Asker: 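The structure is given below, and queries will be raised subsequently.
Bear in mind that the values here come from a model prediction, so they are computed numbers and not experimental data.
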Amino acid sequence: MRIICAILGLSFLASCSKPSTLPRVESDEPVKNEVLAWKKQALLGCEVVRELPHDGQAYTQGLLLSQGQWLEGTGGHGSTWLRRVEKETGKVLQEKALLDAYFGEGITELNGKIYQLTWKNQVGFVYDAKTLSWQKNFSYQGEGWGLTTDGECLIMSNGTEKLRFLDAKTFRVLREVTVTDAGRAVPDLNELEWVEGEIFANVWMTDQIVRIDPQNGKVLGRIDLRDLCQRQQTTNPDHVLNGIAYDAAKQELFVTGKCWPRIYQIRLIERK
């Protein structure tokens with residue numbers, strides 16, 4: 001019996017001394033931290049990663065990625081639509097036109113629904129995200145400009161320095177923040193996008209995006225896209241930077257403008 005126990009003991013020690021055959025688990029945290037290094041910078045520029053086609057007649061008011069495709073809302077009386085667009089080709093896959101009385105503004109997607117604002121009508125629309133079929137209207141006070149979501153609430157801009165957080169079911173205003181930069185109000189907030197816990201906002205008629213802390217409204221930094229805007233060579237003063245989309249899974253950021261012929265995937269870099 002002692003001999004058997006000794007042999008079993010030696011076998012146990014031998015098995016414990018073998019190198020582990022379990023696969024090594026490597027964290028992607030260092031990679032993520034490198035990709036998100038822009039969070040530490042107050043002033044950013046960009047590098048263009050690639051260019052994608054965009055309808056030069058689309059007066060972009062809202063842009064987002066949904067299941068690998070663009071969802072885009074446009075503006076203008078008689079030229080407002082909600083579209084699903086093939087990302088790589090720009091081909092329109094689905095389209096929902098609004099009546100001429102409505103001037104479309106920002107859009108966002110939450111829990112299988114698409115929400116769309118209008119400019120001065122004080123009414124928004126809810127659609128099924130798959131079919132783009134209309135479901136219902138909702139109302140709000142004042143103008144509608146940009147729209148995004150933090151995954152729970154709708155976040156809305158109205159052309160001022162205010163951002164409203166709305167209940168996505170009742171559309172009740174839950175809270176409001178004033179966006180400030182070094183204590184000064186930042187008005188003309190337009191298209192919005194939720195990016196890594198921050199709100200990115202186009203500032204209307206400028207070539208800048210501001211990064212906003214959603215808790216207190218303070219500007220965390222600015223993204224200067226003047227070089228990208230100068231590429232457009234447009235003569236129409238209304239064809240400004242407006243349109244931000246973020247692929248959170250791939251950590252890819254895209255921007256465009258009203259009636260721009262391209263959507264740009266960009267990498268944020270420090271601007272000196």
Asker: Could you name each residue pair satisfying salt bridge (charged side-chain N to carboxylate O under 4.0 Å, His left out) that touches residues 131-154, not counting sequence neighbours?
Answerer: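 Salt bridge (charged side-chain N to carboxylate O under 4.0 Å, His left out) check on residues 131-154 returns no pairs.
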
Asker: Out of curiosity, Glu176 CD to Leu163 CG, how far, rounded to the nearest 0.5 Å?
Answerer: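 Answer rounded to 0.5 Å: 8.5 Å.
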
Asker: Taking side chain to side chain donor-acceptor pair (under 3.5 Å) as the criterion, tell me which of Lys87, Glu109, Lys130 meets it with Ser66.
Answerer: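 Looking at Lys87, Glu109, Lys130, the match for Ser66 under the side chain to side chain donor-acceptor pair (under 3.5 Å) is Glu109.
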
Asker: What is the distance from atom CG of Leu253 to atom SG of Cys46, rounded to the nearest 0.5 Å?
Answerer: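 Reported to 0.5 Å precision, the distance equals 9.0 Å.
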
Asker: In terms of relative ring orientation, are Phe171 and Phe138 parallel, tilted or perpendicular, with 30° and 60° separating the classes?
Answerer: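 Rings of Phe171 and Phe138: parallel, as their planes differ by under 30°.
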
Asker: Side chain to side chain contact (heavy atoms under 4.5 Å, CB included) with Gln233: which residues, sequence neighbours excluded?
Answerer: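 With neighbours one apart ignored, the set is empty.
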
Asker: Is it the case that more than 12 heavy atoms not belonging to Arg164 sit under 6.0 Å from its CZ atom?
Answerer: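 Yes, enclosed.
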
Asker: Please enumerate all residues that pass side chain to side chain donor-acceptor pair (under 3.5 Å) together with Asp213, with sequence neighbours excluded.
Answerer: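 In terms of side chain to side chain donor-acceptor pair (under 3.5 Å), with neighbours along the sequence ignored, Asp213 is linked to no residue.
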
Asker: Which ring pair (Phe, Tyr, Trp, His ring centres under 6.0 Å) pairs, counting each pair once, include a residue from residues 248-272, with sequence neighbours left out?
Answerer: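 Of all non-adjacent pairs touching residues 248-272, those that pass ring pair (Phe, Tyr, Trp, His ring centres under 6.0 Å) are Trp70-Phe254.
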
Asker: Any chain of hydrophobic side-chain contacts (each under 4.5 Å) joining Leu98 to Ile107?
Answerer: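 They do share one cluster, since a chain of ILVMFWY contacts under 4.5 Å joins Leu98 to Ile107.
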
Asker: On a heavy-atom basis, which atom in Leu192 and which in Ala201 lie closest, and how many Å separate them?
Answerer: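 Of all heavy-atom pairs spanning Leu192 and Ala201, the closest is CD2-CB, 3.5 Å.
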
Asker: On a heavy-atom basis, which atom in Asp247 and which in Leu65 lie closest, and how many Å separate them?
Answerer: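 Looking at all heavy atoms of both residues, the closest pair is CB-CD1, 3.7 Å.
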
Asker: Which residues pass the side chain to side chain contact (heavy atoms under 4.5 Å, CB included) test with Arg211, not counting sequence neighbours?
Answerer: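 Applying side chain to side chain contact (heavy atoms under 4.5 Å, CB included) to Arg211 gives Trp38, Lys39, Leu44, Glu198, Phe200, Leu220, Ile223.
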
Asker: Can you tell me how far apart CD1 (Ile155) and CZ (Phe165) are? Round to the nearest 0.5 Å.
Answerer: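 Going from CD1 on Ile155 over to CZ on Phe165, the span is 4.5 Å.
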
Asker: If I compare all heavy atoms of Pro53 with all of Gly90, which pair ends up nearest, and what's the gap?
Answerer: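 Taking every non-hydrogen atom into account, CG-N, 3.8 Å.
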
Asker: Quick one about Thr160 and Asn158 (side-chain donor to acceptor, distance below 3.5 Å, no hydrogens or angles considered), yes or no?
Answerer: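 A pair is found: one side chain offers a donor N or O, the other an acceptor, under 3.5 Å apart.
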
Asker: Under the side chain to side chain contact (heavy atoms under 4.5 Å, CB included) test, which residues partner Thr89, sequence neighbours left out?
Answerer: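 Side chain to side chain contact (heavy atoms under 4.5 Å, CB included) check on Thr89 returns Glu86, Lys91.
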
Asker: Looking at every non-hydrogen atom in both residues, tell me the closest pair between Gly151 and Leu110 and how far apart they are.
Answerer: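 It is O-CD1, 3.4 Å.
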
Asker: Go through Ile212 and Val186 one step at a time and tell me if the side-chain contact (heavy atoms from CB on, under 4.5 Å) criterion holds.
Answerer: CA-CA 10 Å; Ile212 303 164; Val186 181; over 6 Å; no

Asker: Please list, chain by chain and in numerical order, all residues satisfying side chain to side chain donor-acceptor pair (under 3.5 Å) with Glu161, sequence neighbours excluded.
Answerer: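 For Glu161, no residue satisfies side chain to side chain donor-acceptor pair (under 3.5 Å) once neighbours in sequence are set aside.
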
Asker: Taking atom types as modelled, find out whether Tyr127 and Gln116 have a side-chain donor-acceptor pair closer than 3.5 angstrom.
Answerer: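 Indeed, the side chains of Tyr127 and Gln116 share at least one donor-acceptor pair under 3.5 Å.
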
Asker: CD of Glu88: more than 12 outside heavy atoms within 6.0 angstrom?
Answerer: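 Enclosed.
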
Asker: Looking at residues at least two apart in the chain, or sitting in another chain, which of them share a side chain to side chain contact (heavy atoms under 4.5 Å, CB included) with Gln208?
Answerer: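 Side chain to side chain contact (heavy atoms under 4.5 Å, CB included) check on Gln208 returns Thr206, Arg222, Asp224.
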
Asker: Run the side chain to side chain donor-acceptor pair (under 3.5 Å) test against Lys162 and tell me which residues pass, sequence neighbours left out.
Answerer: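 For Lys162 the side chain to side chain donor-acceptor pair (under 3.5 Å) partners, ignoring immediate neighbours, are Thr178.
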
Asker: Under the side chain to side chain donor-acceptor pair (under 3.5 Å) test, which residues partner Asp207, sequence neighbours left out?
Answerer: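 With sequence neighbours excluded, Asp207 shows a side chain to side chain donor-acceptor pair (under 3.5 Å) to no residue whatsoever.
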
Asker: Ignoring hydrogens, what is the shortest heavy-atom contact between Val48 and Arg231? Give both atom names and the distance.
Answerer: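 For Val48 and Arg231, the tightest heavy-atom pair comes out as CG2-NH2, 3.6 Å.
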
Asker: Going by atom types only, do Glu196 and Tyr246 share a side-chain donor-acceptor pair under 3.5 Å?
Answerer: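 Glu196 vs Tyr246: donor-acceptor pair found between side chains.
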
Asker: Measuring from atom CZ of Arg83 to atom CG of Leu71, what distance do you get when rounded to the nearest 0.5 angstrom?
Answerer: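 Arg83 atom CZ to Leu71 atom CG measures 12.5 Å (nearest 0.5 Å).
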
Asker: How would you list all residue pairs meeting ring pair (Phe, Tyr, Trp, His ring centres under 6.0 Å) that involve residues 84-109, not counting sequence neighbours?
Answerer: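 Sorted result for residues 84-109: His77-Phe103, Tyr102-Phe125, Phe103-Trp119.
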
Asker: As an exercise, state the distance from CZ of Arg84 to OG1 of Thr131, rounded to the nearest 0.5 Å.
Answerer: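 Between Arg84 CZ and Thr131 OG1, I get 9.5 Å after rounding to 0.5 Å.
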
Asker: Please evaluate residues Arg271 and Asp227 with respect to the criterion salt bridge (charged side-chain N to carboxylate O under 4.0 Å, His left out), reporting the C-alpha separation (whole Å), side-chain torsions for both, the decisive distance (0.1 Å), and the verdict.
Answerer: CA-CA 12 Å; Arg271 189 173 185 102; Asp227 297 337; 3.6 Å; yes

Asker: For residues 56-63, which side-chain N or O atoms pair as donor and acceptor with protein atoms under 3.5 Å away, sequence neighbours left out?
Answerer:
from  : atom 1 : to     : atom 2 : distance (Å)
Thr60 : OG1    : His54  : NE2    : 3.3
Thr60 : OG1    : Ala58  : O      : 3.4
Thr60 : OG1    : Glu72  : OE2    : 2.6
Gln61 : OE1    : Asn242 : ND2    : 3.4
Gln61 : OE1    : Lys258 : NZ     : 3.4
Gln61 : NE2    : Gly104 : O      : 3.4
Gln61 : NE2    : Glu105 : OE1    : 3.3
Gln61 : NE2    : Glu105 : OE2    : 3.1

